[in-house]
Each structure stands twice: as C-alpha cells, then as structure tokens.
Amino acid sequence: DDSTNRALGETYTALGEWSRGIVMLDGQLNRARHHPRIWFDLATCLQQLARAKDAEPHALAYSKARPNDARGFMLLGQTRAALKNVSGALVAWEEARRLDASLGKTALLDEARALLAAKQPLAALAKFAAADEAAKGTNDPATEIALLSGWVEAATATAQPAAKLRVLGG
C-alpha cells in the first residue's frame with residue numbers, strides 16, 4: 001500500500017539505504033504534491049548516490065512546496081554544487097541561512113567549498129572567514145577541522161600572505 005511504501009522510503013532514507021529508498025519513493029511521486037517529504041527523501045537518496053542531475057528537480061520541488069524549510073534549500077544547494085552550478089548553489093544556501101541562522105556555519109562552509117571547487121579561492125576565503133566567525137564559541141572539532149583544511153587550501157590557492165598568517169594562527 002502507498003502509505004507503507006512511503007514510510008519504508010522515509011525509513012530507508014533515514015538509515016542511509018539510498019537504493020532501497022529510491023525504489024520505495026520513486027513509485028510515490030504522483031503523491032508528492034500532498035506529501036512533499038517524498039521529494040526531499042528521493043532527492044537525498046539520489047544525491048547520496050552521486051545522481052545530482054536526477055536529484056535537483058526533486059530538491060527544487062520540495063523547496064517550492066516547503067519554502068520555509070531550510071533543509072530543502074541546503075539540499076538544493078548541495079545538488080547544484082555537485083552540478084557545478086555554483087551561483088545557484090550559493091543562492092540556495094543563502095536562503096537556508098536566512099531561514100535558519102543555526103545553519104550559518106554549515107551553509108557557509110558548503111559555500112566556501114563550492115567556491116574553491118569553482119577555482120574562486122578569494123571568494124572562498126571570505127566565506128571561510130564568515131564561517132569562522134559563525135563558529136566562534138561552538139567548540140565543534142569537526143567544524144574546526146573543516147575550517148582549518150579550508151583555510152589551508154584557499155591560502156595555498158591564492159598565495160595570500162594574510163590568509164597564510166590566519167592558517168598559522170597569526
């Protein structure tokens with residue numbers, strides 16, 4: 001039955017069983033207008049399997065159906081970044097940050113990484129600086145590691161003395 005398949009799709013997605021989630025959710029797309037989470041979960045599964053081109057329309061549909069859910073815009077940003085649509089990804093992540101300030105450091109780190117991948121290290125440095133500011137006082141080791149590795153990569157790419165000093169703690 002449809003509600004069972006939808007529930008199984010949500011469960012498989014939550015468990016990281018991406019292929020199984022797709023099997024359960026793909027047949028539910030005709031019901032997504034009434035259950036937008038189908039779009040979100042299907043986009044998540046497809047994105048996790050490196051199928052960003054297939055994931056983007058579902059992430060976009062979810063973001064339109066639930067315009068106040070920052071998670072949808074985070075996912076849309078990730079799919080667009082994977083498709084090398086950096087400007088589209090930045091717009092989505094900025095909307096996610098506008099909707100939910102607690103996503104600030106995460107969205108800014110994603111933005112910085114996308115800019116680095118697009119060979120825009122100076123713009124990436126600015127995003128890493130903003131992420132660093134947003135992360136102050138959080139004592140989150142994973143964020144600190146992500147920031148440090150990002151600073152190193154961006155500083156190396158730009159050869160900016162000030163960025164190198166920041167990496168060295170100056």
Test item: side-chain donor near acceptor, Tyr62 and Arg71, under 3.5 Å: yes
Nearest heavy atoms of Ala81 and Ala89, plus distance in Å: N-CB, 3.7 Å
Expected output: side-chain Thr79 to main-chain Ala55 donor-acceptor under 3.5 Å: no
Heavy-atom closest pair, residues Ala114 and Val86: O-CG2, 3.8 Å
From CD (Gln28) to CG (Leu8), nearest 0.5 Å: 10.0 Å
Inter-residue atom distance Ser63.OG - Leu99.CG, 0.5 Å rounding: 9.5 Å
Hphob cluster co-occupancy, Leu83 + Leu90, side-chain heavy atoms under 4.5 angstrom: no
Gap separating the CG atom of Leu25 from the CZ atom of Arg6, nearest 0.5 angstrom: 10.0 Å
Path from Leu42 to Met24 over hydrophobic side-chain contacts below 4.5 Å: no
Nearest non-hydrogen partners of Ala96 and Leu103, listed with the distance: O-CD1, 4.3 Å
Path from Val91 to Phe73 over hydrophobic side-chain contacts below 4.5 Å: no
Connected via hydrophobic side-chain network under 4.5 Å: Trp39 and Ile22: yes
Spatial distance of atom CD (Gln48) from atom CD (Glu17) [nearest 0.5 Å]: 12.5 Å
Ala92 versus Gly77, closest heavy-atom pair with distance: CB-N, 3.6 Å
side-chain contact (heavy atoms from CB on, under 4.5 Å) evaluation trace for His58 with Leu29: CA-CA 9 Å; His58 302 299; Leu29 281 174; 3.8 Å; yes
Nearest heavy atoms of Met74 and Trp93, plus distance in Å: O-NE1, 3.3 Å
Nearest atoms (heavy-atom pairs only) where Asp100 meets Ala70: CB-CB, 3.7 Å
Spacing of Arg51 atom CZ and Trp18 atom CH2 [to the nearest 0.5 Å]: 13.5 Å
Gap between atom CD of Glu111 and atom CD of Gln120 - 0.5 Å precision: 12.0 Å
Pairing of Glu133 and Lys105 as salt bridge, 4.0 angstrom limit: no
Side chains of Leu116 and Phe128 in contact at under 4.5 Å (non-hydrogen atoms): yes
Transitive ILVMFWY side-chain link Leu108 to Leu125, under 4.5 Å: no
Donor-acceptor pair, side chain of Arg80 and main chain of Gly88, under 3.5 angstrom: yes
